[in-house]
Amino acid sequence: MQVNNNTTYSNMPEVKQREKREITININEKKEGKVFSSGQGRQAYTNYTREALVKDEEKNLTTFPQFSVLSKYEKYFKVLNDHYTKVNEENKKFANPRRHIHDKYFNTKSPYYVKGLTKAEREICENAELCVLRGEAPALCANDPVIRKNFGGCNMFVEGMEWNQEIRNEMNDAIHQLFQENGIVIPEDVDLQFTVDPYDFFIHVSGVNGELARRIEVALNQGENGYYLYEHISFCDPVEYGGEEPEQYIAGDKEKMVVYHLVNRMTGLDIRELENKDGKFYTPDGKDLWEVLKEKYKEMAADGSVDASSLNSYAAAYRRVATAGWERTSDCNLTIGYKDGSLYDLDTSYGYGFGQTAWQNRVRNWYEGIKEEYMREREEELKREGNVTSKFEMRVKETEDYMKETFGEGSENDSRRVEVQLGSNLPVFLEVLERLKKEGMVVLLSNRILNLHGEISGFDFRA
């Protein structure tokens, strides 16, 4: 299942196409590094700086649930992989697996023909089996019969909503545990706000006095917590479900975030600390930062770690930030509230906090209606298809009628009749021609190939 998002700049060098994580990827595949999708324009980025985070190697740290876009679909991929892997083993027992797969779903005369599927479902199954035959993972499709049988369907809006809620609940539990471990007691009715910056992903606390705020920050900023919290807030943008988009999701210079992580990823430098004058950034040793990036990119392209042409996609964003200056625009900070032991979303009723979830039932009810409508239309389509002769069957019937009219019926003409090979790779009319030639009723006058174009496209024949 593909999710179409707006195209934006990425804030890290583009990895080679073969290394990209797609929604159809095998869930067991491992990949170095962590790349996540942000709700901020759906940009992919990786955080490479952790100096601001508190680390303690002597004890196990309580951390927030780790984000993975694929994790919410894991159960679907497992069932799909198990099913189509087993089916693939059966397909490979045939001399021509591709032909067998096609016949299984579209040749009603095949002994392996699968009944009870719509045309769209047949195409989904055929594509999935061909993918696995090629060594690829099957795509997740909501109307795949395997998904419908095991889960009743799959809807990305419902899955995303329930996934966000599950992560929110786990984060609430983690925060409660962190406070207990650090002896932190939040007074009743105190309204806290946790603000995460898009560079170091440090969680800043407001709403209480300085000393308590500092203790809370020390407790929260462990491991990857700031990173995961930033991601969670970005995924909870209510505009995805028809709510009005809060200002914090719109405000902020996203290209600054892109440029920061690009520079840090490639050079280890913090662009915020570099000299910026005359529309350029300079390294501590006085070099033009963009020239340094180009040289570094050449090295990375040479060893195959990035695509050679990708750096140019960052040029416009880099030049704008360098010309405007780092401090001229605001940062893409994201903030979430915390009260009475629970995180809550700001400036929206489409949230995941206490008293904010009534809208979720409306989404579930909408999806139930969609499923009912689909099943009703599906039954009607199966009835229609059951009463309609397929194009293949129509061609066979037309050929048989023609042969009966031409040669007649009865035992004396049986030897002259054409036996149509339904499993053959040849079109029916070619089989007829070959039989007529053997019977002496067709004589080749030339070996020249006739190409008839126009309405009979792609028709090549020997005259």
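Please read all numbers here as calculations on a predicted model, not as lab measurements.
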> Sub-3.5 Å donor-acceptor pair from the side chain of Y367 to the main-chain atoms of C154, do we have one?
Replying inline: yes
> Between N91 and K104, do the side chains contain an N or O donor and an N or O acceptor separated by less than 3.5 Å?
Replying inline: yes
>> In terms of relative ring orientation, are F151 and Y76 parallel, tilted or perpendicular, with 30° and 60° separating the classes?
In response: perpendicular
> Measuring from N172:CG to I167:CD1, what's the distance to the nearest 0.5 Å?
Replying inline: 11.5 Å
> Looking only at atom types and distance, does a side-chain atom of K256 sit under 3.5 Å from a main-chain N or O of V321, one as donor and one as acceptor?
Replying inline: no
> Which is it for L229 and L334 under the side chain to side chain contact (heavy atoms under 4.5 Å, CB included) test, yes or no, and what are the steps along the way?
Replying inline: CA-CA 9 Å; L229 182 57; L334 290 179; over 6 Å; no
> Once the angle between the rings of F157 and Y241 is folded into 0 to 90°, is it parallel (under 30°), tilted (30 to 60°) or perpendicular (over 60°)?
Replying inline: perpendicular
> What do the steps show when you test E380 against K383 for salt bridge (charged side-chain N to carboxylate O under 4.0 Å, His left out), and what is the final call?
Replying inline: CA-CA 5 Å; E380 292 180 356; K383 290 178 182 178; over 6 Å; no
> Counting only heavy atoms not in E373, do more than 12 sit closer than 6.0 Å to its CD atom?
Replying inline: yes
>> Does R99 form a side chain to side chain contact (heavy atoms under 4.5 Å, CB included) with F94? I'd like the steps, not just the answer.
In response: CA-CA 9 Å; R99 179 64 187 228; F94 291 82; over 6 Å; no
> Between V259 and V263, is any pair of side-chain heavy atoms under 4.5 Å apart?
Replying inline: yes
>> Could you check whether any side-chain heavy atom of M300 comes within less than 4.5 Å of a side-chain heavy atom of R265, counting everything from C-beta outward?
In response: yes
> Does anything in residues 138-156 pair up under salt bridge (Lys or Arg N to Asp or Glu O under 4.0 Å), and if so which pairs, sequence neighbours excluded?
Replying inline: none
> Of all residues at least two apart in sequence or in a different chain, which pass the salt bridge (Lys or Arg N to Asp or Glu O under 4.0 Å) check with R134?
Replying inline: E136
> Given H204 and V196, is the side chain to side chain contact (heavy atoms under 4.5 Å, CB included) satisfied, shown in steps?
Replying inline: CA-CA 6 Å; H204 303 268; V196 191; over 6 Å; no
>> We want to know whether D191 and Y344 form a side-chain donor-acceptor pair, criterion being a heavy-atom distance below 3.5 angstrom.
In response: yes
>> Measuring from atom CG of L346 to atom CD of Q193, what distance do you get when rounded to the nearest 0.5 angstrom?
In response: 5.5 Å
> CG of D347 to CD of Q248: how many Å apart, nearest 0.5 Å?
Replying inline: 7.0 Å
>> Between W163 and F235 (judged by ring centroids, cut-off 6.0 Å), do the two rings come close enough to count as a pair?
In response: yes
>> In the structure I gave you, are the side-chain heavy atoms of P238 and E245 within less than 4.5 Å of one another anywhere?
In response: no
>> With a 4.5 Å cut-off on side-chain heavy atoms, are E244 and V239 touching?
In response: no
>> Set out, in order, the CA-CA distance, both residues' side-chain angles and the distance that settles side-chain hydrogen bond (donor to acceptor under 3.5 Å, both in side chains) for T62 and E181, then state yes or no.
In response: CA-CA 9 Å; T62 298; E181 292 171 353; 2.7 Å; yes
>> Checking the side chain of R320 only, and the main-chain atoms of E255 only, is there a donor and an acceptor separated by less than 3.5 Å?
In response: no
>> Donor-acceptor pair, distance only, cut-off 3.5 Å: does the side chain of Q356 make one with the backbone of G353?
In response: yes
> Residues two or more places apart in sequence or in another chain: which of them pass salt bridge (Lys or Arg N to Asp or Glu O under 4.0 Å) with E89?
Replying inline: K92
>> Is a donor from one side chain sitting under 3.5 angstrom from an acceptor on the other, for T329 and D253?
In response: yes
>> Before we go on, tell me: are the rings of Y338 and F194 under 6.0 Å apart, centre to centre?
In response: yes
> Any chance OH of Y374 has more than 12 other-residue heavy atoms, nucleotides or ligands included, within less than 6.0 Å?
Replying inline: yes
> Does the separation of the ring centres of Y228 and F64 fall below 6.0 angstrom?
Replying inline: no
> Taking S313 for the side chain and S310 for the main chain, is one N or O donor matched with an acceptor at less than 3.5 Å?
Replying inline: yes
> Is the Y227 ring parallel, tilted or perpendicular to the F201 ring (thresholds 30°, 60°)?
Replying inline: perpendicular
> Does H261 reach the main-chain N or O of P198 with its side chain, forming a donor-acceptor pair under 3.5 Å?
Replying inline: yes
>> Below 30° counts as parallel, above 60° as perpendicular, anything between as tilted: where do the rings of W359 and Y350 land?
In response: tilted
> Is the closest basic N to carboxylate O distance between R168 and D345 below 4.0 Å?
Replying inline: yes
>> Rounded at 0.5 Å granularity, tell me how far OG1 in T348 sits from CG in D237.
In response: 8.5 Å
> Can you check whether H232 and Y230 have ring centres sitting under 6.0 Å from each other?
Replying inline: no
>> If you apply the rule salt bridge (charged side-chain N to carboxylate O under 4.0 Å, His left out), what do you find for R214 with E217, and how did you get there?
In response: CA-CA 5 Å; R214 188 195 69 80; E217 287 178 355; over 6 Å; no
>> Can you confirm whether the side chains of N365 and R362 place a donor and an acceptor under 3.5 Å from each other?
In response: no
> Taking R122 for the side chain and V114 for the main chain, is one N or O donor matched with an acceptor at less than 3.5 Å?
Replying inline: yes
> Do N88 and E129 have side chains that get closer than 4.5 Å, going by heavy atoms?
Replying inline: no
> Do the non-hydrogen side-chain atoms of R378 and E121 ever get within less than 4.5 Å of each other?
Replying inline: yes
> Is the backbone N or O of E211 less than 3.5 Å from a side-chain atom of N209, with the two atoms forming a donor-acceptor pair by type?
Replying inline: yes
> Using a distance-only test with no angle check, is there a side-chain donor-acceptor pair under 3.5 angstrom linking Y352 and N164?
Replying inline: yes
>> Would you say CZ of R376 has more than 12 non-hydrogen atoms from neighbouring residues, nucleotides or ligands within 6.0 angstrom?
In response: yes
> Are the side chains of T357 and Q165 in touch, meaning some heavy atoms are under 4.5 Å apart?
Replying inline: yes
> So, the side chain of D340 versus the backbone of D189: is there a donor-acceptor pair under 3.5 Å, distance only?
Replying inline: yes
> Out of V218, T195, L212, L220, which residue meets the side chain to side chain contact (heavy atoms under 4.5 Å, CB included) rule with V205?
Replying inline: L220
>> Measuring from atom CH2 of W290 to atom OH of Y318, what distance do you get when rounded to the nearest 0.5 angstrom?
In response: 7.5 Å
> When the ring centroid of Y112 is compared with that of H102, is the distance short of 6.0 Å?
Replying inline: no
> Could you walk me through whether Y199 and D270 pass the side chain to side chain contact (heavy atoms under 4.5 Å, CB included) check?
Replying inline: CA-CA 9 Å; Y199 311 118; D270 186 333; over 6 Å; no
>> Between S234 and E231 (side chain of the first, backbone of the second, donor and acceptor by atom type, cut-off under 3.5 Å), is there such a pair?
In response: yes
> Tell me, do P138 and N81 make a side-chain contact under 4.5 Å, heavy atoms counted?
Replying inline: yes
> Distance from I124 atom CD1 to L117 atom CG, nearest 0.5 Å?
Replying inline: 9.5 Å
>> What verdict does the salt bridge (charged side-chain N to carboxylate O under 4.0 Å, His left out) test give for D82 and K86, after you've listed the backbone C-alpha separation in whole Å, the side-chain angles of each residue and the deciding distance to 0.1 Å?
In response: CA-CA 6 Å; D82 289 348; K86 183 177 180 180; over 6 Å; no
> So, are K254 and D331 salt-bridged, with charged N and O less than 4.0 Å apart?
Replying inline: no
